[in-house]
Amino acid sequence: MIFQCKNCGGNVIYSPEKKGMYCPFCDSEKSEQRKDTEGDIHICPNCSGEVPVEEYTSATQCPYCDNYIIFNERVEGAFAPDYMIPFQYSKDMVKKLMREKFKRCTFAPTDFLSEVQLNTMEGDYVPFWLHDYDVNYTYRGEGRKVRVWTTGETQYTETSVFDIYRDVNVSFEKVPADASMKMPDEIMDLMEPYRYEQLEPFKPEYMSGFLAERYNYAAEEMQVRSRQKMEEDTVNLVKQSITGYGTISDREKSLKVNSLKANYGLLPVWKYDYQYKNKDYPFYINGQTAKIVGKVPVSAGKVWAYGATLWGVLTGILLFAYYAFMML
Amino acid sequence: MSKEIQREAVKQFLRYFRIWFIILGILFVLWAVTGISYLMKEPSVRGNQSASAERVYDHADVLTEQEEEKLRQLIKEAEEKIRCDIVLVTINKQVGSSDYEWEKNMRNLADDFYDQNNYGYDKLHGDGVLLLDNWYEGQGGGWLSTCGRVYEQFSNGDIDDVLQAVYYEVEENPYKAYCAYIEAVSYKMNGEIPFPGIFLLIPVIVMFVFVAVKMKSPVGKDTVAVNEYVAGGRPEFRAQSDQLVNKFVTRRHIPKPSSSGGGGGRGGSHMSSGGVRHGGGGMRR
């Protein structure tokens, strides 16, 4: 499907600034008209150009007419997301934030924050499995408290041994694990947390103007990752309730999952693929919270130039000041 | 890299160091102006007329009359050049055999001699230096008392250098040793501004710190709270107990530590009994 403008026929997209549909061609708001298409998904329904579509792509942009196309069969039926968080940050907002965050990175390549480069950023709706867990966790351990005091010339050491027991029920809601091969797991973990208050039922309108994938993995396959997060959190929560001991040694731990539910959601991520000297420096920006993850490349030439200049200028200033002062 | 990016890089670079370049330029002008006026400065006239005219006191009698006269001549020439009083005093006097006493007494004798004779080139108790050389058997050695500009300019190393120059052959040929004293002092005070080696080191350190700090780029951190996905934010505790099961006490005998004393130190600058700030140092034979 594509969303066309009733007024001018242009491609209507979702605007995070306006929090609604917007036609960038004639400035109309809420003028969208959904146009469903059938047949070969490799043919652009607007211009009939050939569109490269990968196995999991559910929304893309036509390379010829720049229209955003959403593939019905990949967002419906078994692939219909339960929830999604629409993009809260537009490309312009993210560009501004990127410039602010990295303006102190003097050694970054000159075009790292240039308009041309930043415009290559693309917004992706990443498929996530959001698992709900009801678990029971029991823990038994031995804790020791040591008290030392001195009377006269004798030092006393008193050791108290405690039996620690905890039995907790925890219900987890929507522990996320991304179901996209393209997106590196450790980066997607750093994209967290998403604020679920803004979770909404799926609406294809939100996808217009962005790229998207359907889930690459089934819910069961991704359960391992969310379960690991859930278990870590459970253990840490119980650990937080055990305080005041000098040393603790674990005796028994047992975790039981009582119920489990998988939800399918699309979460927004801006991706900036920057290349420098044939090396990739990918940046990922949470499309809801604007948390930025990525490593800034360093230009060796700049390090030398700035370092040497600072050294030279500083030496000059000190020597001129010193000799001027001494000769006064 | 395209021309445009290169131009932008140069622009950024100039903008980044703008203030530094301006400061450097201002200091360069300041340096040039002071340098010219420094070179054109006329030799100043003696400011202190109350000082004793005598510069060489050979109380230990280790010099001949001719030698003393030659030393006076040398001192007169050197004083005009460096604009500091140069005084030489030899004694043959018991000042104490312990290092502490020797140093204290030599220092006081030297400082007081300088003060009482109203030395100082620019003003009373101003710029000058005095070498007190003791020839007493077993308590021999020199003490150098510095004052005014000499005090400000002489480091401990400079004082040692002068004393070393004297010490070198004072026993064999006192006259030559005292010539060396005059030479060493006039060489060190010759208006030559010592080169500040530390000023080469500081920028290197600053540069390394700058590069190290700038190399660090902000990275995304794990900001997920443990209870991020927990309904209600906290788990439900069905049972929670911390039960004391055992308690035991061990004893250990610790002997009281015996106290130990610390060492002392000596300072560089000091006030003489006359209230004049002197620097100095000594070298025993």
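Note that the structure is a prediction, hence the values are computed from the model and not measured. Labels below follow one simple rule: chain letters A, B, ... track the order of the sequence lines, proteins then strands, and each chain is numbered from 1.
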Going through the checks in order, is the side-chain hydrogen bond (donor to acceptor under 3.5 Å, both in side chains) test met by K291(A) and T223(B)?
CA-CA 10 Å; K291(A) 180 177 177 184; T223(B) 50; 2.8 Å; yes

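- The choice from Y133(A), Y322(A), Y323(A), Y245(A) that makes the most heavy-atom pairs within less than 4.5 Å of chain B is Y322(A).
- Highest contact tally toward chain B, considering only G312(A), S171(A), G244(A), is held by S171(A) [criterion: heavy-atom pairs under 4.5 Å].
- Between F172(A) and Y229(B), the distance from one ring center to the other does not fall under 6.0 angstrom.
- In this structure, the side chain of K214(B) does not engage the main chain of G307(A) through any donor-acceptor pair within 3.5 Å.
- If you measure heavy-atom distances from D132(A) to chain B, you find no contacts under 4.5 Å at all.
- Per-residue heavy-atom pair counts under 4.5 Å with chain B were compared for Y156(A), Y306(A), W311(A), and the maximum is reached by Y306(A).
- Distance CD1/I198(B) to CG/L318(A): 10.0 Å, rounded to 0.5 Å.
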Which is it for F162(A) and V245(B) under the side chain to side chain contact (heavy atoms under 4.5 Å, CB included) test, yes or no, and what are the steps along the way?
CA-CA 5 Å; F162(A) 289 83; V245(B) 286; 5.8 Å; no

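- Distance alone, capped at 3.5 Å, is enough to place a donor-acceptor pair between the R166(A) side chain and the S241(B) backbone.
- Counting only heavy atoms from C-beta outward, the side chains of W20(B) and L314(A) approach each other to under 4.5 Å.
- Contact of Q240(A) with chain B is made through the side chain alone, with heavy-atom distances under 4.5 Å.
- Comparing R147(A), E232(A), K145(A), E192(A) by heavy-atom pairs within less than 4.5 Å of chain B, the highest count is held by E192(A).
- Counting heavy-atom pairs under 4.5 Å between each of N236(A), V293(A), T309(A), T315(A) and chain B puts T309(A) at the top.
- The aromatic rings of F107(A) and F210(B) lie perpendicular to each other, with more than 60° between the two planes, well past the 30° mark.
- Of the listed residues R104(A), M191(A), M230(A), the one with more heavy-atom pairs under 4.5 angstrom with chain B than any other is R104(A).
- The distance from atom CG of D242(B) to atom OG of S160(A), rounded to the nearest 0.5 Å, is 12.5 Å.
- Heavy atoms closer than 4.5 Å to chain B are found nowhere in Y137(A), neither backbone nor side chain.
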Residues 8-19 of chain B, side-chain donor-acceptor partners within the protein, below 3.5 Å, at least two apart:
| from | atom 1 | to | atom 2 | distance (Å) |
| --- | --- | --- | --- | --- |
| E8(B) | OE2 | Q12(B) | NE2 | 3.3 |
| Q12(B) | OE1 | K302(A) | NZ | 3.4 |

